[in-house]
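Encoded as structure tokens, the structure appears first; notes follow it.
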Amino acid sequence: MMKKNDLILAAAVILAACAILAFQYFSRGGGEQYIEITVDGNEYGTYSMDEDRTVRINDTNRLVIREGSALMEWADCPDQICVHHRAIHAGGENIICLPNKVVVSVISPEESGLDGIAQ
Amino acid sequence: MKNRAAYFGVFTALALILSYVETLIPFRFGIPGIKLGLANLVVVIVLYKTNWKEALLLSVSRVLLAGFIFGSLFSIIYSLAGGVLSLLVMAVLERSGRFSVAGVSMAGGVAHNIGQLATAMIAVSTYQVGYYLPVLLIAGLATGAVIGLAADAVLKRIRNLDLK
């Protein structure tokens, strides 16, 4: 039913996925983490994850940062994909609201060279 | 091929029904883009039973119809990018004759997720979207295998149906 080439293909994809995972794991910076929000590619704001807060993004989305993780609580878009997205906490993870072009991602100061916090 | 339009209508209806069935399954991983893709079962079968042009037409019609009925404009753009890339990859692998139905479908599943991810990257102009690439690669592989094995089983049973 399965040919040898099928297994080679599957192995190649799994290997590629593992390689990317390993790269992500080792390039992850330690220390304090921040939530960075961009709208349509432009920076909207950066917030510490150690502080619980609710961020309103242009009246289209509402993000909640609580106990070191962040989740999209509300969005005005029809598909609600970002609202169903699980809470994010690890460096590099992100929530995207495609209709509103909002990208929320977790960053560590070491990897981004961030030296100040814009509020 | 005889009765081409009639067969095409039946396959489109079948794919649309499977899209609807999929919306009934609560299958959420918290990461967008991971789903079974039941409708692709029909696309894979049509690819093997007729040719890649029929399958492409079916895939596009299915995405447009399902998008207007169950989804939104954004889900259409997402699915279209994934569906078209997936079909082209499957057509090439099917023609090469080096892969089984399951292998072709696995490559299709992976290509589908890559296409969707690329669309998201362009739409929000951020490379960070790529974070979930490993998860989506594995998910595409797994769902593609399930769909491929099912399609293989169906193809064996409709061997006598001549659509070429």
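- With a 4.5 Å cut-off on non-hydrogen atoms, A/Glu93 touches chain B through its backbone and its side chain both.
- For the options A/Ala19, A/Pro78, A/Pro99, heavy-atom pairs under 4.5 Å to chain B are most numerous at A/Pro99.
- When each of A/Ile20, A/Ile8, A/Asn94, A/Ile81 is checked for heavy-atom pairs under 4.5 Å with chain B, A/Asn94 comes out on top.
- Checked against a 6.0 Å centroid threshold, the rings of B/Tyr78 and B/His112 do not count as neighbours.
- For A/Tyr47 and A/Tyr34, the gap between ring centers reaches or exceeds 6.0 Å.
- With hydrogens and angles left out, the side-chain atoms of A/Asp6 and B/Ser100 include a donor and acceptor closer than 3.5 Å.
- Using a 4.5 Å cut-off between heavy atoms, B/Leu133 contacts chain A through its side chain alone, with no backbone atom that close.
- Looking only at distances, a side-chain donor or acceptor of B/Glu22 sits under 3.5 Å from a matching main-chain atom of B/Leu38.
- Only the side chain of A/Ile88 comes within less than 4.5 Å of a heavy atom of chain B; its backbone N, CA, C and O stay farther away.
- No continuous path of ILVMFWY side-chain contacts below 4.5 Å connects A/Leu21 to A/Val13, so the two sit in separate hydrophobic clusters.
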